[in-house]
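Take a look at the structure set out below.
What you see is a predicted model, and the numbers here were worked out from it, not measured in a lab. All heavy atoms count here, side chains included; hydrogens, waters and symmetry mates do not. A, B, ... follow the sequence lines: proteins, then strands. Residue 1 opens every chain.
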Amino acid sequence: MDVIVVLEWAFDAVLGLGLLWLAWRTLNSPDLFKAIVLFISFGLLMALAWVRLNAPDIALAEAAIGAGLTGALLLAALARLRTTTDNTMPAQLPAGSWFQRGLLIVLLSGSAAGLGYAVWILPSHTSGLSMAVTANLDVSGARNPVTAVLLNFRGYDTMLEMIVLLLAVLGIWSLGGLPPRPERPAVAVLDTFSRFLIPVFILAAAYLLWVGADAPGGAFQAGSVLGAAGVLLLLSGWRPGVRLMQWPLRLALTIGAITFIILGVLTLLYEQQLLAYPVAQAGRMIILLESLATVSIAVTLAILFLGESPDPEEKK
Amino acid sequence: MTLTDYATACLLILGGIFFLAGTVGLLRFPDVYTRLHALTKADNVGLGFIMAGLVLQAESWLAAGKLLLIWLLVLFASASVSYLIARRALNKGIRIWM
Amino acid sequence: MIQALYFALALFLLLNLCAGLWRILRGPTTADRMLAAQLFGTTVVAMLLLLAQASGNPVLRDVALVFALLAAVTAVAFVQRAWPEEKESEHDLN
């Protein structure tokens, strides 16, 4: 047994040091492409760290969103940036005066000390709210405690997250979007690759959505895998038609948030509490919310990757 | 340790050797194309041996099937992606080391 | 005994990954950096499968599956979008 303890300890030490070093190199790399690749590596190690902390739910989310789609989004953003500017940051950022630097150091170390103190005074062995969650798991409609918290006990959190995603798309569109840009022509291999892999992505997304009731998984993980299928479709040269970009797209983008709001209003009327589902219906409501949220999240991520305004001719 | 455990150990260590070879190749080979070659050895053979070792220990046929599926996906993806990278590198005129 | 081997191999793969970071820092071309990231993706898939077996937590296989799927998308995004058109320096001191 001793050998295993030593090995686990060494693994965690290398992982922790590697994470800190990668974070530092990512932040101070002047070459943006290098920074993105380092960030993707950081996401990979971060998922491992969550696994070691016994939080497979977060590891799954990190794998789907942090290391996977964020990397593709950042690469697409860099490609757009290259067309307008030089891809390197100024080698030397303008340095502030000594007073400014001193103030910054005082403020930053003050907040770091405050955070450190807050962590320090936490009771060392506490189960937090997990007892309350376990006690009420039966009435939640889900058997995975994380899903029960995200979709039932704190359903309004997920509702607000859906709205945040919607705001991100609106933000890009309100800037006028980006001019449409044709993809590089897809070679035969990429074409076959997408044709074969996109059904697998859809299957994996459905699996993650379904398994979310019992085990780690759920709308965000499934949505980002489905969104990745959309990204792959866009990368192999497919573009949604003009008619598809009108109300079908808007409906798909908002359906998750709309369902949350309708259910919220209904539960306020009938149960006098926001998103307090009747126990008998809870399981079905969670499935409905998660399925529609998956669609919205997937479409949102793919549209963020596309980055184009839905009606470019209106601008002229 | 049972016989299955010994077989697993051998396969896992073989997989580890291929990952080491892939990393050494990535660090020491002279150009993109040769590094690509080293990389795919780790992807295909290294992960393949590790997967084979773990399949022997899998608790059910379903778990073994999932391991196999992951390996096949990585195999398919790495073959396609390597082709795409090599093709673009050649089109861009990155020289081949001779 | 076999448990110790799982952890030893996971640690070995992690050290491999750390060595591979040198290629990301060094380049010289963008493709070299991307290759290193691809290798990391596969290494992490292998580590997750090992940890899944070592800790008896089958959920980690799902994490590995998601990594295997999404690493491919990142690489395609690189080839189709982020690889600059202009020539880049390819001097390597080796």
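- Only the side chain of L5(C) comes within contact range of chain B, with at least one heavy atom under 4.5 Å from a heavy atom of that chain.
- Counting heavy-atom pairs closer than 4.5 Å to chain C, the top residue among I13(B), L12(B), D5(B) is L12(B).
- Judged by distance alone, with hydrogens and angles left aside, the side-chain atoms of R35(B) form a donor-acceptor pair with the main-chain N or O of F29(B) at under 3.5 Å.
- Heavy atoms closer than 4.5 Å to chain B are found in the side chain of Q53(C), but not in its backbone.
- Proximity of a side-chain donor or acceptor of W71(B) to a complementary backbone N or O of N44(B) within less than 3.5 Å is detected.
- Proximity to chain C (any heavy atom under 4.5 Å) is shown, for L20(B), by both the backbone and the side chain.
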Point to revise | Stepwise side-chain contact (heavy atoms from CB on, under 4.5 Å) check, N91(B) with R87(B) | key: CA-CA 6 Å; N91(B) 282 351; R87(B) 184 191 151 98; 4.2 Å; yes
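- A distance of 15.5 Å separates OH in Y33(B) from NE2 in H37(B), rounded to the nearest 0.5 Å.
- When heavy atoms are compared at a cutoff of 4.5 Å, F67(C) does not approach chain B at all.
- Per-residue counts of heavy-atom pairs under 4.5 Å with chain C were compared for T23(B), V74(B), V81(B), V24(B); the largest is that of T23(B).
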Check your understanding: Going through the distances and angles, do T29(C) and V32(B) end up as a side-chain contact (heavy atoms from CB on, under 4.5 Å)?
Key -> CA-CA 8 Å; T29(C) 66; V32(B) 175; 3.6 Å; yes
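- Among G46(B), G53(B), A89(B), the residue with the largest count of heavy-atom pairs under 4.5 Å with chain C is A89(B).
- In terms of non-hydrogen atom pairs under 4.5 Å with chain C, the most contact-rich of L84(B), L36(B), L54(B) is L54(B).
- Using a 4.5 Å cut-off between heavy atoms, L9(C) contacts chain B through its side chain alone, with no backbone atom that close.
- A donor-acceptor contact shorter than 3.5 Å is absent between the side chain of T43(C) and the backbone of L13(C).
- Taking the charged nitrogens against the carboxylate oxygens, D32(C) and R26(C) have no contact shorter than 4.0 Å, which rules out a salt bridge.
- Of the listed residues (N16(C), L15(C), V79(C)), the greatest number of heavy-atom pairs within a distance under 4.5 Å of chain B belongs to N16(C).
- Heavy-atom pairs under 4.5 Å with chain C peak, among L67(B), T8(B), T40(B), at L67(B).
- Looking at I50(B), only its side chain comes within 4.5 Å of chain C, counting heavy atoms on both sides.
- Interface residue L47(B): only side-chain heavy atoms are found under 4.5 Å from chain C.
- Here L35(C) is the residue among L35(C), L17(C), L65(C), V45(C) with the most heavy-atom pairs under 4.5 Å with chain B.
- Considering NZ of K41(B) and CG of L39(C), their distance stands at 12.5 Å, rounded to 0.5 Å.
- In summary, E59(B) and R61(C) engage in a salt bridge, as defined by a charged side-chain N under 4.0 Å from a carboxylate O.
- Between chain B and the residues D62(C), L69(C), I2(C), the most heavy-atom pairs under 4.5 angstrom are made by I2(C).
- Side-chain atoms of Y6(C) do not come within 3.5 Å of backbone N or O of S55(C) as any donor-acceptor pair.
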